[in-house]
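In the text below, chain A, chain B and the rest are named by the order of the sequence lines, each starting its count at 1.
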2 protein chains.
Amino acid sequence: MIRFAVLGHLAPTAGTFSLNDLPGGAGRMDVLCRCVTASLFLSHDMRRNVEVYLVLLGPPNPPATILFSGEQVRYLNPDERSSASLIKKALALPRGSLFRESTPGVFVRTGGLGELLAEHPFALLDESGEDIRQEATLPGTCLLSDHLNLTDSEQELVRDLPRISVGPLPLHADQAITVLLNETDRRAAGWT
Amino acid sequence: MIRFAVLGHLAPTAGTFSLNDLPGGAGRMDVLCRCVTASLFLSHDMRRNVEVYLVLLGPPNPPATILFSGEQVRYLNPDERSSASLIKKALALPRGSLFRESTPGVFVRTGGLGELLAEHPFALLDESGEDIRQEATLPGTCLLSDHLNLTDSEQELVRDLPRISVGPLPLHADQAITVLLNETDRRAAGWT
């Protein structure tokens, strides 16, 4: 299983946001939606071996974490509005500390980065990291941030994680996921 | 200058489509919008040396071509709705055979694939092509299709183009653009 977690620093934790204003009123939810698509979609197929965690840190009740399971997800299309709609449904549920399924393959719980770091051995996608092409083994679980840098307290939490980079220029989170999955695909297929 | 052209087989050629239904009523316009974002956006910056052509082949008056210039574009954000909104404005203008600017850095004209092929030396991004990592020189101008395969008449037009591939699995057009630009970035920066 390959896992991505993306921090949404302004992303709302209630399902009342408008699908017509994902960048503004929905706290750059568009960034997170593109990460879902980059993680789970191939052309006319889905990546069944990928999971993506969205860590929502905006008002009114942060943190919350949404999980999209490539193996189980249904009713998901590649456009931003489609994943945003499933996120809205997940946030409309009462939530506790255990993942609860809102629609097939989409789950929600309270908790944020701290909980995820305790569960999986993350690497941090970071411009200052080691080039993924030079890594003998690619990390199976990667953490990315949205358009904002990590906060001081987040930096403290990830201080000891390995850091990897996908290229010389700073990319959007979804673009970095696409490049990392391409490297994974190539290694699995024997393309070098 | 790096150029991408993307064929939108169902994409409408009038600006009357709804921004709330880009995949359905707007003929998979979401695919083309993600290609604009993949082509032109870096994290907190834009790729000023990239142009992207969208070839719209849906009703009512195909073909039409929209050009987004990374060097000149303004009022563009990374979300699908933002580029779709600029496409709507471009399609609302009367158009002729020469590019006419609708908003800063966005242009529209009649004409489709035939005209573009006469203007630029394209390579075709195709799963059966040569691996880009093995190419001594990357193509400066690439043609991609949306979620549909090339038609027979399009295949005839591109029969003699070089074909390149970005990886072993079939990707969405915007994902392929991201991977190709990553390879370009790496070579420009001396990452190999």
Side-chain angles (χ1 to χ4, degrees), chain A residues 18-24 26 28-31 33-34 37-45 47 77-82 84 127 131-134 144-149 165-192, chain B residues 18-24 26 28-31 33-34 37-45 47 77-82 84 127 131-134 144-149 165-192:
Chain A
S18 167
L19 294 176
N20 296 341
D21 185 19
L22 298 178
R28 295 309 307 274
M29 190 67 85
D30 63 308
V31 176
C33 294
R34 287 194 296 280
T37 297
S39 299
L40 300 186
F41 279 93
L42 291 166
S43 182
H44 303 288
D45 202 358
R47 294 184 181 273
N77 290 312
D79 59 301
E80 293 165 9
R81 198 177 172 94
S82 173
E127 294 154 41
D131 180 5
I132 53 167
R133 290 200 194 174
Q134 309 303 327
L144 304 93
S145 187
D146 59 4
H147 64 299
L148 298 177
N149 291 331
S165 169
V166 298
L169 298 185
L171 301 184
H172 284 206
D174 66 299
Q175 296 169 335
I177 289 170
T178 295
V179 174
L180 182 59
L181 286 172
N182 176 256
E183 182 67 18
T184 306
D185 295 341
R186 287 173 167 271
R187 294 188 185 197
W191 288 34
T192 51
Chain B
S18 166
L19 294 176
N20 296 341
D21 185 18
L22 298 178
R28 295 310 307 274
M29 191 66 86
D30 63 307
V31 176
C33 294
R34 288 195 296 280
T37 296
S39 300
L40 300 186
F41 280 91
L42 290 166
S43 182
H44 303 289
D45 202 358
R47 293 184 181 273
N77 290 313
D79 59 302
E80 293 165 10
R81 199 177 172 95
S82 173
E127 294 154 41
D131 180 6
I132 54 167
R133 291 200 192 173
Q134 309 303 327
L144 304 93
S145 188
D146 59 4
H147 63 300
L148 298 176
N149 290 330
S165 169
V166 299
L169 298 185
L171 301 184
H172 285 207
D174 65 298
Q175 296 169 336
I177 289 170
T178 296
V179 174
L180 184 58
L181 287 171
N182 176 256
E183 181 68 19
T184 306
D185 294 342
R186 287 173 166 272
R187 294 189 185 196
W191 289 34
T192 50

Which one of [options] has the most heavy-atom pairs closer than 4.5 Å to chain A?
{"options": "B:A188, B:P78, B:S82, B:A38", "value": "B:P78"}
{"options": "B:A173, B:A189, B:P168, B:G190", "value": "B:P168"}
{"options": "B:D131, B:L181, B:L22", "value": "B:D131"}
{"options": "B:T37, B:D45, B:N182", "value": "B:N182"}
{"options": "B:E183, B:R133, B:H172", "value": "B:R133"}
{"options": "B:Q175, B:R186, B:R28, B:H44", "value": "B:R186"}

So what's closer than 4.5 Å to chain A heavy atoms on B:N20: side chain, backbone, both or neither?
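Both parts, heavy atoms under 4.5 Å.
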Under 4.5 Å from any heavy atom of chain B, what part of A:D79 do you find: side chain, backbone, both or neither?
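Contact with chain B involves both backbone and side-chain atoms of A:D79.
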Identify, with sequence neighbours excluded, every residue that meets salt bridge (charged side-chain N to carboxylate O under 4.0 Å, His left out) alongside A:D146.
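Partners of A:D146 by the salt bridge (charged side-chain N to carboxylate O under 4.0 Å, His left out) criterion come out as none, since no residue qualifies.
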Residues in salt bridge (charged side-chain N to carboxylate O under 4.0 Å, His left out) with A:R47, at least two apart?
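A:D185.
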What's the separation between atom CG in B:D174 and atom CG in B:D30, rounded to the nearest 0.5 Å?
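Those atoms lie 9.5 Å apart.
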A:L19 versus A:R81, closest heavy-atom pair with distance:
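Taking every non-hydrogen atom into account, O-NH1, 3.4 Å.
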Least distance between heavy atoms, A:L148 atom then A:S145 atom
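Smallest interatomic distance, heavy atoms only, reads O-OG, 2.5 Å.
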In this structure, are over 12 heavy atoms from other groups packed under 6.0 Å from B:N149 atom CG?
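No, CG of B:N149 has 12 or fewer neighbouring heavy atoms, counting only those of other groups under 6.0 Å.
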